[in-house]
Number of protein chains: 2
Amino acid sequence: MQINPPYLMFLGDVPDKLAAKTAYGIVDWRRDWCLGQVRLPGCKADLGIPDMSVKDAAAKGAKTLVVGIVNAGGVLNEAWIPTIIEALESGMDVASGLHIRLGTDERIATAAQKHGRALHDVRMSDQRFATGKGTKRPGLRLLTVGTDCSVGKKYTVLAMEKAMRDRGLDADFRATGQTGVFISGRGVAIDAVVADFISGAVEWISPAGSPGHWDLVEGQGSLFHPSFSGVTMGLLHGAQPDAFVVCHEPTRTTMRGVQHPLPTIQEVIDLTIQCGKLTNPAIKPVGISVNTQALGEEEAKTYLAGLEKEHGLPATDPIRFGVEGIVDRVLADFPATKTA
Amino acid sequence: MQINPPYLMFLGDVPDKLAAKTAYGIVDWRRDWCLGQVRLPGCKADLGIPDMSVKDAAAKGAKTLVVGIVNAGGVLNEAWIPTIIEALESGMDVASGLHIRLGTDERIATAAQKHGRALHDVRMSDQRFATGKGTKRPGLRLLTVGTDCSVGKKYTVLAMEKAMRDRGLDADFRATGQTGVFISGRGVAIDAVVADFISGAVEWISPAGSPGHWDLVEGQGSLFHPSFSGVTMGLLHGAQPDAFVVCHEPTRTTMRGVQHPLPTIQEVIDLTIQCGKLTNPAIKPVGISVNTQALGEEEAKTYLAGLEKEHGLPATDPIRFGVEGIVDRVLADFPATKTA
């Protein structure tokens, strides 16, 4: 899936910020790709970028209308249809992270066909992949893994991409989830792929690279999460990471959506190495990334210092303290890392 | 997916036995469900059951025409269409393990709708599942795991179902692959499920049972297979087995379709316990099942005796020597096992 920037962000009539979570994530990391926002009457979210008509955005070169709305029910709101059709008529593609395909609405499907535009349903995967081969590919790869879902795996690799690029290093974020796909303009929502092709899809997402180049692969789920461990396992074997960062949220007591306690960071390190060595015998941890939002500043520092001592790895909160320590460790452990 | 027996087996014009592999598997295990076979001119396979017209099969009560053909290219052969349509017109459902949906042919789709019959595409999964919950369900469960793909996981659980039922025990085969779905009349081809729902689909396949009842769950892939480990991991966590049997083929040097060497039986036991205890802390091995086809009789016996001694588990070739030893171990380890 290749989504072309620049984007016009469509928020519809969302009742709150949370319902536009994907759109906020895109603006956070790709502000320069986002020309403006379209908001309908009643919209309670604001991305802090210019309000803009579809016509103006098209004139300014917008290539894709991004439907940055989370809708639980899986319904295409009737009020959104005219904006989507206007974008297609203005020569834009339309990309959506909704639980329903854009093309299920006859009017949208017809307009896309008539104007020769693409409809991207980021949550769905129509693409055919090969099964994973598991053979070592050139290039370096880092994967984020976690003690649970939603513990900062995407944020951590995006922060690392920024920090590494700021130092002139050759590194690319590789998306495996829907918000990530919008942020990179490419990728696959790996949890939407047919089970047989999980690792094969990851091999497609992160193909052979040049020596010294880093692919920073967005992790998903946890090997210890009873709902999503299969996705995590296939992702680990497909990404064949040289390095991994463990992500954690210290105040959570049970894993997201289930009753199971979180594993320890050490358990995640051990099982990731044990399983990961199947496709990369040299796999090693290079850092720990913690969401310390629930802790005070001093408490967070003490906690992170304790983790560093316990595991012999740089430990940080990417939002509070940056990821420079992890990048330093990557450079120390992988001297072949090259500049862009 | 619920496929209603009795079946009329359709072999089309397959060029050899291998192209009718699924059909042979069904007749092997469910001879009494198979009323007869329909073969077109040029067909080189013979299931050893009566040749029968669609009309005669319908009169004898056939409920489903099973397209028991493996086609690599994913094409619906034009020569097959009239038989499929005649079955629908005669009041039968049609079930297929082809790589292409039956309904993609307009004439088949129309006939199914007109006569109110079901089209089952066993390789595809349209069903919506919940994500796995991972909470312990009542009833006992056994899963086959393996050092590789295609090492007898389905055969082993089917042999165990037969042996346990012959002893009057309450046990059901639970299918997770396409041939298995035809054999049980129910189940899901787990490798065709969307990645996020692997363990949830297994929870649906093997729901809460009565205490002392065994679900014998067909395993898939291997935790050590770089192409399919995600499927295996989700299956393990969804099945939450009390007991598992390791399946192996001793002459194979690399895993199916890839260059990786096979893991040892001990490695499979260890990783299965380590990962499986997440949803069932009491998980334990109860046997080793080996395809000894490539070994002489004495050689096979010596090899199996060596495995028994090394692992302290009953080791057998189900085809050559039966699975009574494994059933004995199940009864010894799980005295709550009940009679049907």
Requested in this report: Look up atom CG in B/Leu236 and atom CG in B/Leu223, then write down how far apart they are to the nearest 0.5 Å.
Outcome: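 Going from the CG atom of B/Leu236 to the CG atom of B/Leu223 covers 6.0 Å.
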
Q. What distance do A/Leu76 atom CG and A/Ile100 atom CD1 have between them, rounded to the nearest 0.5 Å?
A.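 A/Leu76 atom CG to A/Ile100 atom CD1 measures 5.0 Å (nearest 0.5 Å).
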
Between chain B and chain A, donor-acceptor distances below 3.5 angstrom:
residue, atom, partner, partner atom, Å
B/Gly132, O, A/Ser227, OG, 2.5
B/Gly134, O, A/His260, NE2, 3.2
B/Asp191, O, A/Asp196, N, 3.1
B/Val193, O, A/Ala195, N, 2.8
B/Ala195, N, A/Val193, O, 2.8
B/Asp196, N, A/Asp191, O, 3.1
B/Ser199, OG, A/Pro226, O, 2.9
B/Ser199, OG, A/Ser227, O, 3.2
B/Pro226, O, A/Ser199, OG, 2.9
B/Ser227, O, A/Ser199, OG, 3.2
B/Ser227, OG, A/Gly132, O, 2.5
B/Ser229, OG, A/His237, ND1, 2.6
B/His237, ND1, A/Ser229, OG, 2.6
B/His260, NE2, A/Gly134, O, 3.2
B/Gln274, OE1, A/Gln274, NE2, 3.0
B/Gln274, NE2, A/Gln274, OE1, 3.0

So which residue, A/Leu278, A/Val193, A/Leu271, A/Val258, ends up with the most heavy-atom pairs under 4.5 Å with chain B?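 So the answer, after comparing A/Leu278, A/Val193, A/Leu271, A/Val258, is A/Leu278.
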
Quiz item: Pick from A/Ala130, A/Gly234, A/Ala195, A/Gly200: which one has the most heavy-atom pairs with chain B under 4.5 Å?
Solution: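 Counting heavy-atom pairs under 4.5 Å, the top option is A/Ala195.
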
Would a 4.5 Å heavy-atom cut-off, applied to side chains only, mark [X] and [Y] as touching?
X	Y	answer
B/Val290	B/Pro250	yes
B/Ile198	B/Ile190	yes
A/Val188	A/Val181	no
B/Leu313	B/Val246	no

Is it the backbone or the side chain of A/Leu235 that comes under 4.5 Å from a heavy atom of chain B, or both, or neither?
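Neither part.
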
Checklist entry - For residues 176-196 of chain A, which residue pairs qualify under ring-ring contact (aromatic ring centres under 6.0 Å, His included), counting only residues two or more places apart or in two chains? => result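 Those involving residues 176-196 of chain A do not exist here.
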
